[in-house]
Amino acid sequence: MIVSWMGRYREVVAAFVRHGNTVARFLNTKSEIYPGIFLSHQEWQVLEYIIEHESDDSIMSRISEQLAIPQSSFSKIIKLLYNYHLVAKYRMKGNHKNIILKATDIGIKVYESYSEVIRNGSFLKLFETLSVLSDEDLSIVAKAINELDDGIGADCSKPCTLELIPFED
């Protein structure tokens, strides 16, 4: 069988493939997460990261790297979150280049409200399924997912040179 290289992990690989395609399909679909505030999944993830890492004082480029979002796309997301008054931008004294992001009170309120919707929706079933795993097992699963993502990123960053062959009728 040609897909035998996956061995006993075939079911897991298939689940990752399906998940990746599902995420790609809905990644830029906007939902009203709060009255008058429409965000895509990716925009929501950025807001969540900023709130979760509020004490880090991470600069925009570092957050972009952590979330694996291209800098140009990330800047557009920040502009949207800023225009919705969900995040505020700061600079460190003496460094006008690096921008630090913090959630506003409105951003935190919106986050708390919609995170309950998300938790009780798709994540509740995920958490129930994973509840049989120990904390150590969950760390191993997270590590495996991160290693997969790092590998995919490395595979895609290597330029391919293809030999072109003229098309003949």
Side-chain angles (χ1 to χ4, degrees), residues 1-31 33 38-82 86-87 89 98-103 107-108 110-112 114-162:
M1 176 182 284
I2 199 158
V3 293
S4 61
W5 64 269
M6 294 178 230
R8 70 186 191 110
Y9 305 103
R10 178 65 184 121
E11 185 178 357
V12 174
V13 171
F16 277 126
V17 168
R18 183 175 186 270
H19 174 71
N21 290 331
T22 301
V23 168
R25 187 170 158 200
F26 294 105
L27 189 62
N28 293 311
T29 302
K30 299 219 181 219
S31 299
I33 66 160
F38 296 83
L39 296 180
S40 69
H41 292 281
Q42 197 169 47
E43 293 158 352
W44 170 260
Q45 290 166 0
V46 171
L47 176 62
E48 182 171 61
Y49 186 94
I50 292 167
I51 290 172
E52 185 177 4
H53 296 90
E54 185 172 41
S55 63
D56 294 357
D57 287 339
S58 292
I59 59 174
M60 281 181 54
S61 60
R62 200 165 302 136
I63 297 171
S64 170
E65 288 173 21
Q66 287 295 315
L67 293 173
I69 299 173
Q71 186 63 46
S72 60
S73 299
F74 188 78
S75 294
K76 290 176 188 173
I77 291 170
I78 295 306
K79 182 178 180 181
L80 176 82
L81 296 176
Y82 182 81
L86 302 176
V87 298
K89 299 177 186 180
N98 295 333
I99 298 172
I100 295 176
L101 304 166
K102 299 286 185 187
I108 292 169
V110 168
Y111 177 78
E112 288 174 343
Y114 194 63
S115 62
E116 278 300 306
V117 172
I118 292 171
R119 183 187 175 283
N120 294 329
S122 54
F123 278 90
L124 193 59
K125 289 180 182 178
L126 171 71
F127 296 158
E128 287 173 4
T129 301
L130 295 174
S131 68
V132 298
L133 301 177
S134 69
D135 289 347
E136 183 180 339
D137 292 336
L138 291 173
S139 290
I140 291 168
V141 170
K143 181 180 179 196
I145 293 168
N146 286 326
E147 287 174 352
L148 175 64
D149 288 344
D150 291 345
I152 290 171
D155 292 344
C156 292
S157 65
K158 297 175 187 171
C160 295
T161 39
L162 303 173

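Here the structure is a predicted model, which is why all the values come from computation and not from measurement.
Using a 4.5 Å cut-off on side-chain heavy atoms (C-beta onward), Leu39 and Leu86 make contact. For the pair Phe16/Ile145, a side-chain contact is recorded, criterion being any heavy-atom separation below 4.5 Å from C-beta on. The closest side-chain heavy-atom distance from Gln42 to Leu67 is not below 4.5 Å. With a 4.5 Å cut-off on side-chain heavy atoms, Ile33 and Val117 do not count as touching. Put simply, the side chain of Ile63 does not reach to within 4.5 Å of the side chain of Ile99, judged on heavy atoms.
Listed by chain and number, the residues in a side chain to side chain contact (heavy atoms under 4.5 Å, CB included) with Leu124 are Arg119, Glu128 (sequence neighbours excluded).
Taking OG from Ser40 and CG from Leu80, the interatomic distance works out to 8.0 Å, rounded to the nearest 0.5 Å. How far OG of Ser55 is from NZ of Lys102: 7.0 Å, rounded to the nearest 0.5 Å. Distance check: Ile69 CD1 to Ile78 CD1 gives 8.5 Å after rounding to the nearest 0.5 Å. A distance of 8.5 Å separates CD in Gln71 from CD in Glu65, rounded to the nearest 0.5 Å. Going from atom OG of Ser134 over to atom CD1 of Ile140 covers 7.0 Å, rounded to the nearest 0.5 Å. Put simply, CD on Glu48 and CD1 on Ile51 are 8.0 Å apart, with the number rounded to the nearest 0.5 Å.
Under a cut-off of 6.0 angstrom, the local environment of NE2 in His41 is crowded, with over 12 non-hydrogen atoms contributed by other residues, nucleotides or ligands. Few gaps surround CZ on Phe38; more than 12 heavy atoms of other groups in view lie less than 6.0 Å from it. Shown here is Asp135, whose CG atom has no more than 12 heavy atoms of other residues, nucleotides or ligands within 6.0 Å. Heavy-atom contacts from other residues, nucleotides or ligands closer than 6.0 Å to NZ of Lys30 number more than 12.
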task: Evaluate the side chain to side chain contact (heavy atoms under 4.5 Å, CB included) criterion for residues Lys89 and Leu101: first the C-alpha distance (whole Å), next the side-chain angles of each, then the deciding distance (0.1 Å), finally the verdict.
output: CA-CA 5 Å; Lys89 299 177 186 180; Leu101 304 166; 3.9 Å; yes
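Using cut-offs of 30° and 60° for the angle between ring planes, the His53 and Tyr49 rings count as parallel. Between Tyr114 and Trp44, the angle of the ring planes goes over 60°, which puts this pair in the perpendicular group of the 30/60° scheme.
Side-chain N or O atoms of Ser64 include none that pairs as donor or acceptor with a backbone N or O of Met60 at under 3.5 Å.
Contact record, Ala103 with Ile108: CB-CG1, 3.9 Å, taken as the closest heavy-atom pair.
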